[in-house]
Amino acid sequence: MCGICGVVRFDGAMVEVDALETMMARLAHRGPDDRGLWREGPVGLGHRRLAIIDLAHGRQPMANEDGRVQVVFNGMIYNYRELQQELAARGHRFRTACDTEVLVHGYEEWGVRLLDRLNGMFAFALWDGRQLLAARDRMGEKPLYYARHGGALYFASEIKSILTQVPAGPRIPDDFLVFENTLSDETLFDGVKRLLPGHFLLAQDGGVTVHRYWAPPDRVDAGLGEVAAVRELRDLIVDAIGMRLQAEVPVGMYLSGGLDSSLIACIAKPSVVFTSYYDHPGKFDERAPARRVAEHIGAEQVFVTVRPEEVPSLFAAVVYHLDQPISSPSPISSFALARAARARVTVLLNGQGADELFGGYARYVLLAHEAALGRDPLFVQYAAVARRLWHPSMFGDPALRYLQMNQRVSPRTRRPLDAVRECFDRHHDLIAQMGYTDMILTLPDLITMDDRGCAHVGLESRSPFLDHRVVEFAFRLPGELKLRDGRVTKWILREVAREFVPAEVADRPDKMGMVSPLAVWLRGDLSGWADGLVESLRHRDLGIPFEAPEANDYDRRLHALVSLELWFRTFHDRVAADPQASLEPAGARGPDS
C-alpha cells in the first residue's frame, strides 16, 4: 500500500516542487514509512511508501541503471521473483530485492506488454523520457485518478490529492443513485476521471489516450468436468493465497462467519484474525461461526464493534477517505476493523470477489429460476398469466430483470439499462452475465472500500479471489458449477472448501457479508442526525429522486442520501469557504491520529 502522484506539463513549464509536495501530503496516510519525489523539467513524480518488501532498499521513485526510466508504484507484484530471474538472465542488473524494480526493467524489455506478465495488484506511473505510461491491475485493486487542467496532466492514488491542483466542482449524473455509480470512467468531480481496471494510459506530446489490455473470457468451457474443475480451482486458490502471504511484515486477515474468508483463513492460517460484530437482534452477530474457524486454525481472534454514537464521526471519515459517497454500509465495519488491526499487522487478507465470480448473490438464484421457468412448457403456455401473477417483465430481457432486482432507485433515463445490457452482451452464460455485470458496475466500489479502509491507517489489503487467474477460470465455468439445483450458491467453491473448512461453515446458506445495523440506526437512534442531513441535501436542488425508503434493512436510499450530503460538506462546502483549508475531518485516521 502506497500513494503515488505526479504531473506532466504539456506546455513545457517546469513542474513546481511545492505542487508535488502538496499532492503527496494528501496521501501521507497511504504511506507512513517514507516519501520521495523526482522532477525533471515538465515531469514530476511523487511517492508515499508503506514498506512491505525489501524494507531497506525500496525507496521510490525508482529508476533503471541509467536513470532514464522512472517509476512510482502502489501495490504488490506477486510473481516478481520469477520476473527478476527472467530479466536478470536477459542482462538486467537489479540493485534491490523489491518488486518495484521489475517494472523499470520489465518495461525496458517488453514495453507496454509488461502488463500481460504481471500477476499482482498495482497502479503505477512510469516516465521513459518521452512518454508517461500509467496502468492499473486487471481487477482495479489499486486506484488511479487523473485530470487535465491548465496545460498539464495530474494523476494520483486518491482524488483529494488532485484537488490540491485542480479545481473540480460537483457533477452528479441524473441516474447516479440507481447504482450509486457514474456508470463510466467519470467521477463525481467535474473533469476528474478514474483509470478503469485492466486499462493503461499513455501521455505524450500533449495527447492522452486510454487503452484496455485485459478482459475475462467471454464463453464457458463446456467440456470442463466437475472433478477436474474442482481440482483446478483448488490449486489456483491455494497458489493465489500463498503468493499473497509474501511480506516482511506481520500478516492477518478479516474473518467473518462465511465461506469466503473462512476458506482463505484455513489455507493461509494467519496468527491473528479480526471479526466484526454488533449486539443487535438478527443477522449482525457472527461471532460463533467465526470463532469456530479461528479455533480450527489456532488463530488469536480480535472482535471489533461500533456503537451508534460513533457513527457520525466515523461516517464522515469514511466519506473523506473514499472521495465519494458510500455505496454500502460495510465500510463502517471495515474501517473500524482496520483501526483495530493496525496495532498488530501491516497486511490483511480478505475474501472480496467470491460472490461475483462464483454466483453467491440471491439475485442470481432468482433470475436463474425465472429463466428456468421461462423454458418450462407449462409456463411457455401460460407466460401471460405468470407475468400478471409475479412480474410484468418476467421471461423477457434478462438484463432488464437484473436491473430491476439490483437498482437502488428507479432509473430516470435509459443509461443504466444500456450499461447492464452492454455487460450482459460480454458473455453467453446467464450466471456469468450477472457476475460480469457486478464486476463492472458494483464490485469496483467494494474494492475501493477495502483499499481505503486499510489505507486510511497505513495497512495493505490483499484479495486472493481477485487473482486474475482465478477470475479467468471463473468466467470459463458453466453456470451449473456455480449455482447447483437452483439453490446452492458457490457450489464449486464449497466443494473446494470441504478439504479445508469445518463442514458447518462450508455449508452455511445464510451468510450475508460484512453487514451492519446502519439502516436500523438511521431510522432509529440516528434518525435526527440523518433527517437533518437529508433535508440539507434537498435544499441543494440537485434534481435527484428523494423516494421514501422502505422500513427494512436492505433499502439503502436513506443511507445514500446521508452519504451524498456528507460528501458535499466535505469536498465542496469547505473548499468554497476556504480553498486552502484541510478537508480532513477530526479523527479521520482513527482515535489516536
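Computed from heavy atoms alone, side chains included, the values below leave out hydrogens, waters and symmetry copies.
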Can you pull out every salt bridge (Lys or Arg N to Asp or Glu O under 4.0 Å) where at least one residue sits in residues 312-324? Sequence neighbours excluded, please.
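Checked against salt bridge (Lys or Arg N to Asp or Glu O under 4.0 Å) - neighbours excluded - the pairs reaching residues 312-324 are K160-D323.
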Would you list the pairs meeting salt bridge (Lys or Arg N to Asp or Glu O under 4.0 Å) in which at least one residue belongs to residues 36-46, sequence neighbours left out?
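Listed once each, the pairs would be none.
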Mind checking whether F475 and Y436 have parallel, tilted or perpendicular rings, split at 30° and 60°?
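F475 vs Y436 ring planes: perpendicular.
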For the residue pair H572 and F189, does the interplanar ring angle fall in the parallel (under 30°), tilted (30 to 60°) or perpendicular (over 60°) class?
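Taking F189 first and then H572, their aromatic rings sit tilted (interplane angle of 30° to 60°).
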Does the salt bridge (charged side-chain N to carboxylate O under 4.0 Å, His left out) test come out yes or no for E565 and R569, once each step is laid out?
CA-CA 6 Å; E565 173 59 18; R569 293 186 181 190; 2.7 Å; yes
Could you tell me the separation between the [atom1] atom of [X] and the [atom2] atom of [Y], rounded to the nearest 0.5 Å?
| X | Y | atom1 | atom2 | result |
| --- | --- | --- | --- | --- |
| F124 | K142 | CZ | NZ | 15.0 Å |
| W127 | Q204 | CH2 | CD | 7.5 Å |
| I4 | S157 | CD1 | OG | 4.5 Å |
| Q165 | D18 | CD | CG | 9.5 Å |
| L45 | L132 | CG | CG | 7.0 Å |

Any side-chain to backbone donor/acceptor pair from [X] onto [Y]? Under 3.5 Å, distance only.
| X | Y | answer |
| --- | --- | --- |
| D137 | F122 | yes |
| R171 | D190 | no |
| R59 | R35 | yes |
| Q60 | R49 | no |

So, [X] and [Y], do they make that salt bridge, N to O below 4.0 Å?
| X | Y | result |
| --- | --- | --- |
| R414 | D418 | yes |
| D239 | R469 | yes |
| D573 | R540 | yes |
| E86 | R90 | yes |

Checking side chain to side chain contact (heavy atoms under 4.5 Å, CB included) for the pair L177/R408: CA distance, chi angles, key distance, verdict?
CA-CA 6 Å; L177 290 178; R408 303 346 180 212; 5.6 Å; no
E186 atom CD, neighbour heavy-atom count above 12 within 6.0 Å:
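More than 12 within 6.0 Å, yes.
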I'd like to know whether W567 forms a side chain to side chain contact (heavy atoms under 4.5 Å, CB included) with L564, so could you lay out the CA-CA distance, the side-chain angles of the two residues, the decisive distance to 0.1 Å, and finally the verdict.
CA-CA 5 Å; W567 178 80; L564 190 55; 4.0 Å; yes
Test D438 against Y402 for side-chain hydrogen bond (donor to acceptor under 3.5 Å, both in side chains), laying out the working first.
CA-CA 10 Å; D438 282 341; Y402 169 94; 2.4 Å; yes
For W214, which of H468, E472, H199 qualifies under side-chain hydrogen bond (donor to acceptor under 3.5 Å, both in side chains)?
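Going through H468, E472, H199 one by one, the side-chain hydrogen bond (donor to acceptor under 3.5 Å, both in side chains) with W214 is satisfied by E472 alone.
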Inter- and intrachain pairs under ring-ring contact (aromatic ring centres under 6.0 Å, His included), touching residues 42-97, at least two apart
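Sorted result for residues 42-97: H92-H105, F94-H105.
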Would you indicate whether the side-chain heavy atoms of R30 and S161 approach each other to under 4.5 Å?
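The answer is no; the side chains never approach within 4.5 Å.
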Before giving the answer on side chain to side chain contact (heavy atoms under 4.5 Å, CB included), spell out for I172 and F568 the whole-Å C-alpha distance, their side-chain angles and the decisive distance to 0.1 Å.
CA-CA 11 Å; I172 312 298; F568 266 99; 4.2 Å; yes
Just by distance, no angles: are the side chains of H29 and R48 close enough, under 3.5 Å, to form a donor-acceptor pair?
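Checked: H29/R48 side chains show no N/O donor-acceptor pair below 3.5 Å.
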For Q324 and D445, test the side chains for any donor-to-acceptor distance below 3.5 angstrom and give the result as yes or no.
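Yes, D445 and Q324 have a side-chain donor paired with an acceptor closer than 3.5 Å.
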Check against side chain to side chain contact (heavy atoms under 4.5 Å, CB included), V345 and V249:
CA-CA 7 Å; V345 301; V249 294; over 6 Å; no
